[in-house]
Amino acid sequence: MLHALFIISLLFSLSNAAVQDFCVGDLKGPQGPAGYSCKSADKVIVDDFVFSGLRAAGNISSLIKAAVTPAFVEQYPGVNGLGLSAARLDLAPGGVVPLHTHPGASELLIVTQGIVEAGFISSANAVYVKTLKKGDLMVFPQGLLHFQINAGGVTAVAFPVFSSPSPGLQITDFALFANDLSTDLVVKTTFLDPDQVKKLKAVLGGSG
């Protein structure tokens, strides 16, 4: 009898133990490797878990004719600590997301409109390219160079889902030509012609 009462008491204690179901990000504080600290539970509201910012198309009048609208932790604090986030990709005809990486996440791309040619390059320099249509998915492993190109005559729309609230982003072209890395160093590390490097720096706003 005493043993049964002990088991019942233990189960009751476990069922009433404090469980942290979520950690809505307190964006007023600093972000560490594990994310933001948790917002006080009494200040959490349902809108912390809802994001409507992906309804509208992004501005595709840029140089690359593409727009990425993020739903990362900075825009969507409810994903803090949950290991995922999302975005919206709009690609005008002729639009391209140049070779880039996400250092902190793998990406799953879901095409919902148009035709997208997408691919990635493995660390062994193997190339994987596929033309994706509405309803198709493609995964890009964490840290690998990948790209997306509009392969049709109409605006394409896709939704990337990431395995981190803060996937990070580094676009290769911008890393080489949109900063003050010297032309001489770019030439030595890429084998490009100096005039071509200067031209690309002028287009992308770099210097040096």
Would Leu108 and Leu137 count as a side-chain contact (heavy atoms from CB on, under 4.5 Å) if you check the C-alpha gap in whole Å, the side-chain angles of each, and the deciding distance to 0.1 Å? CA-CA 7 Å; Leu108 178 68; Leu137 289 78; 3.8 Å; yes

Decide yes or no on side-chain contact (heavy atoms from CB on, under 4.5 Å) for Val161 and Glu107, but give the supporting numbers first. CA-CA 6 Å; Val161 178; Glu107 173 185 344; over 6 Å; no

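Between the Gln196 side chain and the Asp193 main chain, no donor and acceptor come within less than 3.5 Å of each other. Looking only at distances, no side-chain donor or acceptor of Asp180 sits under 3.5 Å from a matching main-chain atom of Ser207. Judged by distance alone, the side chain of Arg88 and the main-chain N or O of Leu54 form a donor-acceptor pair under 3.5 Å. Side-chain atoms of Ser164 never come within 3.5 Å of backbone atoms of Gly83 as a donor-acceptor pair (strictly under, hydrogens ignored). Listed for the Ser62 side chain is a donor-acceptor partner under 3.5 Å among the backbone atoms of Ala66. Looking at Ser182, its side chain does come within 3.5 Å of a backbone N or O of Leu185 through a donor-acceptor pair. Between the side chain of Asp90 and the backbone N or O of Val157 there is no donor-acceptor pair closer than 3.5 Å. Side chain of Asn150 to backbone of Val154: a donor-acceptor contact under 3.5 angstrom is found. Asn179 contributes a side-chain N or O that, together with a main-chain N or O of Ala175, makes up a donor-acceptor pair within less than 3.5 Å. The backbone N or O of Ser106 lies less than 3.5 Å from a partner atom in the side chain of Ser163, making a donor-acceptor pair.
Val68 is not connected to Ile60 by any chain of hydrophobic side-chain contacts under 4.5 Å among Ile, Leu, Val, Met, Phe, Trp and Tyr, and they are in different clusters. Note on Phe159 and Phe51: same hydrophobic cluster, where clusters join Ile, Leu, Val, Met, Phe, Trp and Tyr whose side-chain heavy atoms are under 4.5 Å apart, directly or indirectly. Linking ILVMFWY side-chain heavy atoms closer than 4.5 Å, directly or via other members, places Leu63 and Val197 in a single hydrophobic cluster. No continuous path of hydrophobic side-chain contacts links Leu145 to Tyr128 [ILVMFWY only; heavy atoms under 4.5 Å]. Cluster membership check: Ile149 does not share its hydrophobic cluster with Ile171, using side-chain heavy-atom separations under 4.5 Å among Ile, Leu, Val, Met, Phe, Trp and Tyr.
When all heavy atoms are compared, the tightest approach of Leu132 to Leu109 is CD1-CD2, 4.2 Å. Minimum heavy-atom separation, Ser85 to Pro167: OG-CD, 3.8 Å. Closest of all the heavy-atom pairs between Phe120 and Val139 is CE2-O, 3.7 Å. Of all non-hydrogen atoms in Thr155 and Gln113, the two that sit nearest each other are O-NE2, 2.8 Å. When every heavy atom of Val79 is checked against every heavy atom of Leu84, the shortest pair comes out as CB-O, 3.3 Å. Of all non-hydrogen atoms in Val73 and Leu27, the two that sit nearest each other are O-CD2, 3.7 Å.
Note that CG of Asp173 and CG of Leu204 are 6.5 Å apart. Values are rounded to the nearest 0.5 Å. Of the inter-residue distances, the one linking Phe177 atom CZ with Thr183 atom OG1 reads 9.5 Å to the nearest 0.5 angstrom. One finds the SG atom of Cys38 at 6.5 Å from the CG atom of Asn80 (value rounded to the nearest 0.5 Å). To the nearest 0.5 angstrom, Met138 atom CE is 14.0 Å from Ile110 atom CD1. Of the inter-residue distances, the one linking Leu176 atom CG with Leu192 atom CG reads 8.0 Å to the nearest 0.5 angstrom. From Leu99, atom CG reaches atom CD of Gln170 across 12.0 Å, with rounding to the nearest 0.5 Å.
Close placement of the Phe140 and His146 rings is indicated, their centers lying within 6.0 Å of each other. In this structure, Phe162 has its ring center closer than 6.0 angstrom to the ring center of His102. Between Phe22 and Phe49, a ring centre-to-centre spacing shorter than 6.0 Å is recorded.
Here disulfide bond (SG atoms under 2.5 Å apart) pairs that include residues 55-104, with residues two or more places apart or in two chains, number zero.
Gln148 places none of its side-chain heavy atoms less than 4.5 Å from the side chain of Val96. The side-chain heavy atoms of Thr101 and Leu144, taken from C-beta on, include no pair separated by under 4.5 Å.
Between Lys134 and Asp136 there is no salt bridge, since no side-chain nitrogen of the basic residue lies less than 4.0 Å from a carboxylate oxygen of the acidic one.
The salt bridge (charged side-chain N to carboxylate O under 4.0 Å, His left out) test applied to Asp184 returns Lys188, not counting sequence neighbours. In terms of the salt bridge (charged side-chain N to carboxylate O under 4.0 Å, His left out) criterion, residue partners of Lys39 (sequence neighbours excluded) are, by chain and number, Asp48.
For the residue pair Gln31 and Ser166, a side-chain donor N or O sits within less than 3.5 Å of a side-chain acceptor on the partner.
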